[in-house]
Amino acid sequence: MVDVWVAKKDLPVGTVITKADLAHQATKRTLPKDALPPAYVANEEEFIDRRLTRAVEKDELFDPAALTKGGLLV
């Protein structure tokens, strides 16, 4: 079993995951390791102060590839 971060609600492109808003944006969930995709966020530090480059739906795992520092490319 692995603790992973999932979206607590639908989050649109451009959402910045902040420490202050973390409780409203994400929650930890324990899932079987063999049920997880190859890439997922397990540590809070991996996505704090990062911006979403794609929308994330409620209960969806955060994908490190969908997180970036700085502005969005359009």
Side-chain angles (χ1 to χ4, degrees):
M1 300 298 274
V2 179
D3 289 334
V4 295
W5 287 94
V6 298
K8 205 170 200 177
K9 60 183 181 178
D10 291 345
L11 299 171
V13 171
T15 299
V16 177
I17 309 296
T18 65
K19 186 112 175 143
D21 291 331
L22 183 61
H24 303 289
Q25 296 170 325
T27 189
K28 276 221 161 185
R29 188 161 294 154
T30 303
L31 298 172
K33 185 166 178 85
D34 60 350
L36 296 172
Y40 54 87
V41 175
N43 298 312
E44 181 179 309
E45 296 77 30
E46 293 179 69
F47 72 120
I48 293 296
D49 296 328
R50 300 264 200 282
R51 184 179 311 273
L52 293 175
T53 59
R54 69 166 185 79
V56 177
E57 295 180 4
K58 182 180 179 185
D59 296 324
E60 182 180 347
L61 293 162
F62 285 94
D63 180 349
L67 298 163
T68 187
K69 280 261 193 201
L72 289 175
L73 298 175
V74 278

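Just so it is clear, the structure is predicted and the values come from calculations on it, not from any experiment. These values consider heavy atoms only, across backbone and side chains, with no hydrogens, waters or symmetry-generated copies.
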Q: V6: which other cluster members, linking ILVMFWY side chains closer than 4.5 Å, directly or transitively?
A: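 The other cluster members (ILVMFWY side chains, heavy atoms under 4.5 Å, direct or chained) are V2, V4, L31, L36, Y40, L61.
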Q: How far apart are the closest heavy atoms of A7 and V56, and which atoms are they?
A: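 Looking at all heavy atoms of both residues, the shortest contact is CB-CG1, 3.7 Å.
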Q: Work out which heavy atom in F62 is nearest to a heavy atom in A26; give both atom names and the distance.
A: CE1-CB, 3.6 Å
Q: Do K8 side-chain atoms and D59 backbone N/O form a donor-acceptor pair below 3.5 Å?
A: no
Q: What pairs meet the ring-ring contact (aromatic ring centres under 6.0 Å, His included) rule with one or both residues in residues 13-33, with sequence neighbours excluded?
A: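 For residues 13-33: none.
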Q: With side chains defined as the heavy atoms from C-beta onward, is the minimum distance between L22 and I17 less than 4.5 Å?
A: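 Sidechains of I17 and L22: in contact.
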Q: Could you go step by step and tell me if L67 and L52 meet the side chain to side chain contact (heavy atoms under 4.5 Å, CB included) rule?
A: CA-CA 5 Å; L67 298 163; L52 293 175; 3.4 Å; yes
Q: How close do D21 and T18 get, heavy atom to heavy atom, and via which atoms?
A: N-OG1, 3.0 Å
Q: Okay, side chain of T53, backbone of A66: is any donor-acceptor separation there less than 3.5 Å?
A: yes
Q: Keeping the roles fixed (side chain from D10, backbone from K58), state whether a donor-acceptor pair exists under 3.5 Å.
A: yes
Q: I want to check something: taking the side chain as every heavy atom from C-beta on, are D63 and R54 in contact at a cut-off of under 4.5 Å?
A: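 Side-chain contact under 4.5 Å: yes.
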Q: Quick one: closest heavy-atom pair of W5 and N43, and the distance?
A: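 Scanning both residues, the minimum pair turns out to be NE1-C, 3.9 Å.
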Q: Within the structure provided, determine whether T15 and Q25 are in side-chain contact (heavy-atom separation under 4.5 Å).
A: yes
Q: Looking at K19, K28, R50, which one forms a salt bridge (Lys or Arg N to Asp or Glu O under 4.0 Å) with E44?
A: K19
Q: Other members of the hydrophobic cluster containing V16, with the 4.5 Å side-chain heavy-atom rule, please.
A: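 Reading the cluster by chain and number, V16 sits alone, since nothing else belongs.
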